[in-house]
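Data first, discussion second: the structure below is written as structure tokens.
Order of listing sets the numbers, starting from 1, for every ligand and every atom in it.
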Amino acid sequence: MKLTNIKITLCGEGGVGKTSLATMFTEGIFKRDMKLTVGIQHFTKVIDLGNAKVNLVIWDLGGEHRFRFLAPLFLRGAKGAIFVFDITRDETFAKIDEWLDISRKILGNFPAILVGNKLDLEEFRLVPKDIAINYAKRRGFIAYYETSAKLNINVHAPFIHLARAIVGDIYAQDIKDFLP
Ligand code: G3D
Ligand code: MG
């Protein structure tokens with residue numbers, strides 16, 4: 001069976017747990033003393049969706065502002081994106097809008113998933129779940145998940161959900177291409 005490469009991006013402020021989520025999803029480990037992501041980093045994982053097997057190529061951008069100039073290169077060619085904030089830092093939630101606007105400008109319409117990470121720090125939560133859900137609905141996200149990269153809670157779900165949405169879209173596109 002042909003293995004299709006699918007590029008997705010992880011968007012969001014520095015320190016929200018993007019690299020930790022990608023590392024847990026692809027390698028099954030939570031690394032302490034995670035080094036700050038410098039520039040762009042890639043993770044890959046082959047996933048079996050039943051009707052299709054795809055190679056998910058996850059692009060991860062360093063959160064520091066000095067890497068923002070890489071954003072267009074980072075986003076180009078992506079078939080979908082996961083937007084991550086930290087449920088204990090509301091400024092990271094507020095910044096999602098900026099990431100979404102930049103992404104839509106470059107990619108147009110694409111499947112996007114919103115993730116509130118650090119669920120293990122529930123006692124320090126500053127972003128209420130219902131606020132995040134309403135925001136996700138209003139801004140056209142296809143789903144909202146709360147995760148903990150640290151405790152490996154719900155980490156796979158957003159990646160699989162996004163891959164399914166993308167593959168579904170690709171199939172729909174194929175079918176359209178065959179219409180007279
Ligand atoms: P980023 O790639 O979005 O910049 P990182 O974020 O993955 O580098 O994570 C930033 C910090 O948050 C790291 O801590 C990491 O261990 C921590 N972190 C990531 N995910 C979780 C989580 O689900 N729960 C908790 N409690 N912490 C998490 P350090 O101390 O290394 O800066
Ligand atoms: Mg990082």
Side-chain angles (χ1 to χ4, degrees), residues 6-45 47 56-78 80-104 106-107 110-133 135-136 139 141 143-163:
I6 293 180
K7 171 178 174 178
I8 65 165
T9 57
L10 283 173
C11 299
E13 293 303 292
V16 298
K18 299 180 298 297
T19 307
S20 298
L21 286 166
T23 306
M24 179 54 84
F25 176 61
T26 58
E27 299 169 36
I29 46 170
F30 182 71
K31 289 184 185 160
R32 302 209 158 266
D33 302 318
M34 183 75 71
K35 285 199 187 68
L36 199 73
T37 310
V38 176
I40 295 172
Q41 210 180 331
H42 304 94
F43 296 84
T44 63
K45 190 177 171 90
I47 53 174
L56 211 56
V57 183
I58 303 159
W59 288 50
D60 178 22
L61 179 65
E64 286 191 314
H65 273 269
R66 66 191 167 100
F67 300 130
R68 283 299 162 83
F69 77 97
L70 290 172
L73 168 78
F74 171 70
L75 290 162
R76 219 170 287 134
I82 295 177
F83 294 78
V84 187
F85 68 93
D86 173 349
I87 64 163
T88 72
R89 285 165 57 214
D90 42 11
E91 71 277 12
T92 66
F93 176 60
K95 286 277 186 189
I96 294 289
D97 234 32
E98 270 177 40
W99 280 103
L100 193 60
D101 288 343
I102 299 170
S103 305
R104 294 254 184 253
I106 291 171
L107 298 176
F110 63 91
I113 287 188
L114 184 63
V115 166
N117 187 41
K118 306 200 185 179
L119 189 56
D120 55 290
L121 300 178
E122 177 70 48
E123 57 190 311
F124 303 109
R125 179 195 284 271
L126 285 179
V127 182
K129 192 172 180 177
D130 58 330
I131 300 272
I133 291 172
Y135 170 77
R139 298 287 338 243
F141 286 90
Y144 173 62
Y145 287 95
E146 295 199 332
T147 60
S148 168
K150 185 175 183 178
L151 300 184
N152 195 11
I153 299 170
N154 249 351
V155 172
H156 285 238
F159 291 98
I160 303 294
H161 193 146
L162 185 59

Side-chain heavy-atom pair I8, V57 within 4.5 angstrom cut-off: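 In short, these two side chains do not touch, never coming nearer than 4.5 Å.
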From [options] - option closest to [atom] by heavy atom:
atom	options	result
atom 4 (O) of ligand 1	G12, S148, G15, A149	G15
atom 25 (C) of ligand 1	D120, N152, D86, L151	D120
atom 17 (C) of ligand 1	E13, K118, M24	K118

Parallel, tilted or perpendicular: ring planes of F25 versus F159, cut at 30 and 60 degrees: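 Parallel: the ring planes of F25 and F159 meet at under 30°.
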Geometric class of the Y144/F85 ring pair [parallel <30°, tilted 30-60°, perpendicular >60°]: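 Geometry flag for Y144 against F85: parallel rings.
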Proximity of L121 to ligand 1 by residue part, where a heavy atom lies under 4.0 Å: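 Contact part for L121 vs ligand 1: side chain (C-beta onward).
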Please determine if [X] has a nitrogen or oxygen closer than 3.5 Å to a nitrogen or oxygen of ligand 1.
X	answer
K150	yes
T19	yes
V16	yes

Partner of L21 by side-chain contact (heavy atoms from CB on, under 4.5 Å), out of N152, V155, D60: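 Per the side-chain contact (heavy atoms from CB on, under 4.5 Å) rule, the option paired with L21 is V155, out of N152, V155, D60.
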Polar side chain donor-acceptor pair, E13 to W99, under 3.5 angstrom: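 Yes.
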Can you list the atoms of ligand 1 that are under 4.0 Å from a heavy atom of [X]?
X	answer
N117	20 (N), 21 (C), 22 (C), 23 (O)
G14	4 (O)
K18	1 (P), 2 (O), 3 (O), 4 (O), 6 (O), 7 (O)

Heteroatom N/O/S of S20 within less than 2.8 Å of the Mg ion (ligand 2):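 Looking at S20, which is the residue asked about, there is no N, O or S atom under 2.8 Å from the Mg ion (ligand 2).
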Expected output: side-chain N154 to main-chain E146 donor-acceptor under 3.5 Å: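 Side chain of N154 to backbone of E146: a pair is present.
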Residues D101, R139: salt bridge by 4.0 Å N-O rule: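 Salt bridge present between D101 and R139.
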When the side chains of residues 111-124 are checked against the rest of the protein, which donor-acceptor pairs come out under 3.5 Å, sequence neighbours left out?
unit_1, atom_1, unit_2, atom_2, d
N117, OD1, T147, OG1, 2.9
N117, OD1, A149, N, 3.2
N117, ND2, V16, O, 2.9
K118, NZ, G15, O, 2.8
K118, NZ, D86, OD2, 3.3
D120, OD1, S148, OG, 2.8
E122, OE1, R125, NH2, 3.0
E122, OE2, R125, NE, 2.8

